[in-house]
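In the text below, chain A, chain B and the rest are named by the order of the sequence lines, each starting its count at 1.
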There are 2 protein chains.
Amino acid sequence: MANSAGVGHDLGWALGAVFRCYARTVTEAMATLPGGPRGYQVLSAAVHAAPRTQLALAQQLGIDRTVMTYLIDDLARAGLIERQSDPTDRRARRVVATEAGRSELDQLDDALRTAEEVVLAPLDETDRATLRGLLCRVARHAMAGPDEAATGALG
Amino acid sequence: MANSAGVGHDLGWALGAVFRCYARTVTEAMATLPGGPRGYQVLSAAVHAAPRTQLALAQQLGIDRTVMTYLIDDLARAGLIERQSDPTDRRARRVVATEAGRSELDQLDDALRTAEEVVLAPLDETDRATLRGLLCRVARHAMAGPDEAATGALG
DNA sequence: TATTGTTATACTCTATAACTATA
DNA sequence: TATAGTTATAGAGTATAACAATA
């Protein structure tokens, strides 16, 4: 394919290839988690942040609220999170992580670290830091512009 | 979300954000092209490389051969490519670009250049080259490992 | 019998709308 | 009347399987 007319291809191709490699590794690591990568997002939010309602969670993560219902159904069935009645509004449900959920998240985070290692394998520490820095600068700029609700979806 | 336990998030988040920003811009640029980004891949292959059969094209681009049928139907209906009988194998159809297809591809390539500019806007020329270089190194390594048929798919 | 391309069918994911129970 | 959550329905996109023509 070494045609020089490839244009924007250089960046687009590399970006796509790297993203897919990372996404594939991450998705594999989350193969057994209900909801896959998005299940991870919900679980992570439930563990790290104060309990929020399903709607708040859905808006934060850029997930449709009807999808959030199924997602939480599955995660709750797996015993990773729980729905708790909101004492101040009996319509709302607060999403909280269980002990099992916290432990599961720890394992998943390990897997994510590994996935990152796999992707960055060909670079030494200096180059990794450089790539991270440049990507983050570009990412922050990209998020600043248009409305970007999704905070970590894979694709 | 400023929790330091965010783990691999730094890379994964930035990668996802940048990728989605680029993918969105590119997809918008190809909104009127039949088949969207994948229509572009087929058109580009038809223009730049020697005519190939639908199956060869499908395998090269990582597209299912049944999808390729629809894709080529739409591109042909738009007058951008043509199906030609393969003289050496009457089962096969060679995919070739029309003049209109070539011209359309030129315009799309312009749009891609612009999309790249949009994404890389916050970086100066030196940093852009650095990012490109690092991403390409990582991408080449990622492609070398597992079977990666898809050469430029976005989603 | 195997292969290219097409067509028909089914499945997955997601979005839309309707429903309930609260407010 | 509006909102949180659920459920039901429909749509897009994709994969699977069956088919026709040719090798």
Side-chain angles (χ1 to χ4, degrees), chain A residues 20 23-24 27 30-42 45-46 50-77 81-96 147 149-150 152-155, chain B residues 20 23-24 27-28 30-42 45-46 50-77 81-96 147 149-150 153-155:
Chain A
R20 278 193 308 277
R24 176 165 32 82
T27 301
M30 295 171 178
T32 65
L33 182 74
R38 277 196 311 196
Y40 170 83
Q41 290 182 261
V42 173
R52 269 165 300 208
T53 67
Q54 297 186 191
L55 187 61
L57 221 49
Q59 287 168 343
Q60 175 195 329
L61 299 178
I63 298 173
D64 193 274
R65 76 182 205 227
T66 67
V67 176
M68 183 61 76
T69 297
Y70 303 132
L71 219 46
I72 291 184
D73 281 350
D74 296 342
L75 289 168
R77 196 156 27 229
I81 61 176
E82 281 178 356
R83 277 189 253 243
Q84 291 181 358
S85 320
D86 185 328
T88 72
D89 185 343
R90 289 204 296 175
R91 290 173 304 181
R93 305 296 154 97
R94 288 168 171 277
V95 179
V96 297
D147 56 315
L154 284 179
Chain B
R20 278 193 307 276
R24 176 166 31 80
T27 301
E28 278 169 16
M30 296 171 177
T32 64
L33 181 75
R38 278 195 311 195
Y40 170 83
Q41 290 182 261
V42 173
R52 270 165 301 208
T53 67
Q54 295 187 192
L55 186 61
L57 220 49
Q59 287 168 343
Q60 175 193 329
L61 299 177
I63 298 173
D64 193 274
R65 78 181 202 222
T66 67
V67 177
M68 184 61 75
T69 297
Y70 302 133
L71 220 43
I72 292 183
D73 282 350
D74 296 342
L75 289 168
R77 195 154 29 227
I81 61 176
E82 281 177 354
R83 276 189 254 243
Q84 291 180 359
S85 320
D86 184 329
T88 72
D89 184 343
R90 289 204 296 175
R91 292 172 303 181
R93 305 297 153 100
R94 288 168 171 277
V95 179
V96 298
D147 56 316
L154 285 178

What are the two closest heavy atoms between B/Pro34 and B/Leu75, and how far apart are they? O-CD2, 3.6 Å
What heavy-atom pair brings B/Ala46 and B/Ile81 nearest, and what distance separates the two atoms? CB-CG2, 4.2 Å
Could you tell me if the side chain of B/Met68 sits less than 4.5 Å from the side chain of B/Val42, heavy atoms only? yes
Going by heavy atoms in the side chains, are A/Gln60 and A/Leu57 under 4.5 Å from each other?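 Yes; the side chains approach each other to less than 4.5 Å.
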Once you round it to whole Å, what is the distance between [atom2] of [N] and [atom1] of [X]?
{"X": "B/Tyr70", "N": "C/dT7", "atom1": "OH", "atom2": "C1'", "answer": "6 Å"}
{"X": "B/Arg52", "N": "C/dT3", "atom1": "CZ", "atom2": "P", "answer": "21 Å"}
{"X": "B/Arg65", "N": "C/dT6", "atom1": "CZ", "atom2": "P", "answer": "10 Å"}
{"X": "B/Leu55", "N": "C/dT6", "atom1": "CG", "atom2": "C1'", "answer": "13 Å"}
{"X": "B/Arg90", "N": "C/dT6", "atom1": "CZ", "atom2": "P", "answer": "16 Å"}
{"X": "A/Ile63", "N": "C/dA15", "atom1": "CD1", "atom2": "C1'", "answer": "14 Å"}
{"X": "B/Leu71", "N": "C/dG5", "atom1": "CG", "atom2": "P", "answer": "14 Å"}

Classify [X] by what it touches in the nucleic acid, base, sugar-phosphate, or nothing, heavy-atom distance under 4.0 Å.
{"X": "B/Thr66", "value": "base"}
{"X": "A/Arg94", "value": "nothing"}
{"X": "A/Thr69", "value": "base"}
{"X": "A/Asp86", "value": "nothing"}

First locate atom [atom1] of [X], then atom [atom2] of [Y], and finally report the distance between them rounded to the nearest 0.5 Å.
{"X": "B/Leu55", "Y": "B/Ile63", "atom1": "CG", "atom2": "CD1", "value": "12.0 Å"}
{"X": "A/Arg38", "Y": "A/Asp74", "atom1": "CZ", "atom2": "CG", "value": "11.0 Å"}
{"X": "B/Arg94", "Y": "B/Ser85", "atom1": "CZ", "atom2": "OG", "value": "10.5 Å"}
{"X": "A/Leu33", "Y": "A/Thr27", "atom1": "CG", "atom2": "OG1", "value": "11.0 Å"}
{"X": "A/Arg52", "Y": "A/Leu61", "atom1": "CZ", "atom2": "CG", "value": "7.5 Å"}
{"X": "B/Arg65", "Y": "B/Ile72", "atom1": "CZ", "atom2": "CD1", "value": "13.0 Å"}

If the helix axis at each end comes from five base pairs, how far does the helix from C/dT1-D/dA23 to C/dA23-D/dT1 deviate from straight, to 10°?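 For the helix from C/dT1-D/dA23 to C/dA23-D/dT1, the axes at opposite ends meet at about 20°.
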Which residue lies toward the 5' end of DNA chain D, A/Met68 or A/Arg91, if each is placed at its nearest nucleotide? A/Arg91
Relative to the 5' end of DNA chain C, which residue comes earlier, A/Asp89 or B/Arg83, by the nucleotide with the nearest heavy atom?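 First, find each residue's nearest nucleotide; the 5'-ward one identifies B/Arg83.
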Identify, between A/Asp64 and B/Ala92, the residue whose nearest nucleotide on DNA chain C lies closer to the 5' end.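 Checking each residue's closest nucleotide, the 5'-ward one belongs to B/Ala92.
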Ignoring backbone atoms, test whether A/Arg93 places a side-chain nitrogen or oxygen under 4.0 Å from the OP1 or OP2 oxygen of C/dT22.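 For C/dT22, OP1/OP2 do not have a side-chain N/O of A/Arg93 under 4.0 Å.
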Can you pull the contact range of chain A along DNA chain D, 5' to 3', using atoms under 4.0 angstrom from its heavy atoms?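 Using the under 4.0 Å cut-off, the span is D/dA2 to D/dA8.
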